[in-house]
Amino acid sequence: MNLLYKSTRNSDKTVTASQAILKGLADDGGLFVPVSVPKLDVTMDELKDMSYQETAYAVMKQFFTDFTEEELKHCINSAYDSKFDTEVIAPLVKVGDTYHLELFHGATIAFKDMALSILPHLMITSARKNQVKNDIVILTATSGDTGKAALAGFADVPGTKIIVFYPKGGVSHVQELQMVTQKGENTSVVAIHGNFDNAQSGVKVIFEDKELAAELDAKGYQFSSANSINIGRLVPQVVYYVYAYAKLLENEEIQAGEEINVTVPTGNFGNILAAYYAKQMGVPIAKLICASNDNKVLFDFFQTGVYDRNREFILTSSPSMDILISSNLERLIYTIAGQDAQKDVELMTQLKEKGVYEITAEMKEGLKDFVGGFATEEEVKETIHDTYQKTGYVMDTHTAVAAHVCAQYRKDTKDEKKCLVASTASPYKFVRNVMTAIDPKYDEMEDFALIDELEKVSGFPIPNAIKEIRDAEVRHTTECDADQMKETVKNILGV
Ligand SMILES: *Cc1c(COP(=O)(O)O)cnc(C)c1O
């Protein structure tokens with residue numbers, strides 16, 4: 001069966017999976033969604049014995065139906081290989097009474113690697129399938145994690161180039177070092193004099209520049225995006241929820257058919273939406289618990305049905321969740337509106353123009369699988385500290401948001417179901433906040449000294465991603481003003 005995709009803002013037109021991956025965003029500004037979420041066609045009993053790569057194939061073949069078996073397996077095997085520091089790719093670790101699904105064992109030690117290590121392969125395969133002759137130029141604006149994971153994913157991938165813009169002074173020292181030391185002949189990293197918003201709108205302007213697109217086409221290039229709105233990033237994230245459930249079963253932590261809850265530290269709503277898709281595919285998931293930090297737009301939304309971004313933007317110790325517009329929520333809105341593109345457009349227009357919208361009582365019914373929760377900065381610190389004291393396990397700040405929300409939910413509801421926590425970053429990536437939560441005395445030490453301390457207290461060996469940046473050569477020193485981004489892109493590409 002051939003599964004087609006349509007835009008959340010127009011139900012009439014459909015495209016294939018490979019076309020949706022190539023485009024990223026639909027022309028009408030909507031997000032691509034499958035016409036219906038496919039069911040798994042293998043049993044849990046079969047999945048129980050599968051490797052990560054085999055599970056990935058079982059899930060992705062249901063979504064990417066215009067890829068051949070050979071193409072899909074090639075993409076999967078090129079992505080989930082020795083770039084990960086463990087053969088199981090996504091280990092499941094029991095911490096107290098919850099199960100942490102560690103999604104940070106890839107090249108850049110954040111969960112973005114789970115999807116960005118395969119997206120480049122899906123994209124060049126899609127280009128070939130659609131007779132695209134041009135090289136694909138990936139343009140990305142980043143506030144830290146996405147840029148590095150995209151660079152690592154696209155580095156030296158034939159037929160692609162990648163240009164990442166980050167705000168000078170707007171990312172952490174470790175994040176900057178990770179990007180400016182990136183290897184690969186096809187990679188470029190540019191620091192802009194401006195903030196993340198300037199970088200993001202600069203990239204959008206370049207995408208919309210028809211003249212530039214024509215110039216590029218003449219030289220054999222076309223732009224694409226590695227944003228989390230690309231369906232080629234969402235589907236690979238469904239895989240690890242299926243895998244985790246099957247492993248819980250294999251390890252006899254749960255019985256066949258037993259329902260579990262899943263807690264996800266949420267920013268752009270991509271990761272938790274993938275868990276929702278896993279549930280719709282047939283994985284016995286009861287509640288999807290959406291964990292926010294102090295930027296608790298989503299918590300308020302699940303409480304009231306009102307999405308309101310008109311509030312102060314708070315900088316927290318979990319920066320990858322500091323976000324007021326969760327772009328992937330649009331896919332859920334469309335679904336609970338009964339796939340009503342008109343309704344979706346109406347609400348998204350209100351969001352754009354007024355910064356707020358309210359869903360109908362009927363749509364609210366569709367949210368009953370979701371629960372919202374949030375953790376304050378103090379609660380994040382306490383969670384890291386107390387978990388370390390009780391179990392010896394060290395978690396990062398984003399994961400701690402989820403761990404706190406999961407524990408709070410259990411306490412409030414007495415819901416005893418086993419709970420899976422998506423663990424989205426290595427503690428090494430946010431070493432200062434993690435170590436000072438364990439003991440405030442660490443605040444006096446330098447970052448690299450803290451890294452050595454973290455190895456001692458956690459017993460996790462220092463990941464390669466961190467070792468690499470310690471004495472790596474800086475390869476990218478380009479800087480530009482925010483209004484020179486287009487010229488900079490043209491210089492890099494030689495057009
Ligand atoms: C991106 C990110 C998140 C948020 O994930 P979404 O899919 O955007 O909701 C959480 N934690 C970390 C470490 C991240 O990098």
Side-chain angles (χ1 to χ4, degrees), residues 31 90 100-117 119 140-153 166 171-172 174-175 178-179 196 226-241 262-278 288-299 301-302 316-332 370 372-375 380 384 395-405 421-431 433-434 463 465:
L31 276 61
H100 281 225
L101 178 60
E102 293 187 351
L103 303 172
F104 55 77
H105 289 269
T108 77
I109 59 174
F111 100 97
K112 303 290 192 292
D113 291 323
M114 301 304 295
L116 280 165
S117 54
L119 182 69
T140 307
T142 186
S143 59
D145 284 344
T146 296
K148 177 61 189 183
L151 283 163
Y166 73 94
V171 300
S172 82
V174 172
Q175 284 172 321
Q178 278 191 304
M179 288 190 279
F196 171 67
N227 276 323
S228 75
I229 39 98
N230 196 312
I231 194 79
R233 273 188 65 179
L234 193 59
V235 170
Q237 295 179 178
V238 178
V239 173
Y240 47 76
Y241 291 107
V262 173
T263 310
V264 185
T266 298
N268 230 350
F269 209 75
N271 202 358
I272 193 165
L273 189 71
Y276 179 61
Y277 280 7
L288 299 143
I289 304 169
C290 174
S292 301
N293 63 22
D294 277 326
N295 295 293
K296 57 183 185 60
V297 191
L298 287 165
F299 168 78
F301 172 69
F302 287 119
T316 72
S317 60
S318 43
S320 304
M321 296 160 64
D322 290 344
I323 187 157
L324 294 179
I325 303 181
S326 299
S327 44
N328 273 295
L329 187 67
E330 182 171 346
R331 289 188 164 111
L332 181 64
F370 289 87
F374 71 99
V380 167
I384 294 172
M395 71 180 93
D396 103 287
T397 46
H398 302 74
T399 309
V401 169
H404 170 81
V405 167
V421 169
S423 178
T424 50
S426 160
Y428 281 99
K429 204 154 191 180
F430 301 94
V431 65
N433 286 311
V434 168

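Atoms within a ligand are numbered from 1 in the order they appear, just like the ligands themselves. Below, all heavy atoms of this structure are taken into account, side chains as well, without hydrogens, waters or symmetry copies.
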What side-chain donor-acceptor pairs closer than 3.5 Å can you find for residues 231-240, not counting sequence neighbours?
| residue | atom | partner | partner atom | Å |
| --- | --- | --- | --- | --- |
| Arg233 | NH1 | Ala226 | O | 2.9 |
| Tyr240 | OH | Asn271 | OD1 | 2.7 |

Qualifying residues under side chain to side chain donor-acceptor pair (under 3.5 Å), relative to Ser317, sequence neighbours excluded = Glu377
query = Using a 4.0 angstrom limit on heavy atoms, which residues are close to ligand 1?
reply = Phe111, Lys112, Asp145, Pro265, Thr266, Gly267, Asn268, Phe269, Gly270, Asn271, Ser320, Met321, His398, Thr424, Ala425
ask   = Just checking, is any N or O donor in the side chain of Asn268 or Ser327 under 3.5 Å from an acceptor N or O on the other one?
value = yes
request  = Sort and list the pairs that fulfil salt bridge (Lys or Arg N to Asp or Glu O under 4.0 Å) and have at least one residue in residues 289-298, not counting sequence neighbours.
outcome  = Lys296-Asp300
Minimum heavy-atom distance between Phe430 and Ala425, given as atom pair plus value = CE1-CB, 3.8 Å
request  = Could you tell me whether the side chains of Asn295 and Asp322 share a donor-acceptor contact shorter than 3.5 Å?
outcome  = yes
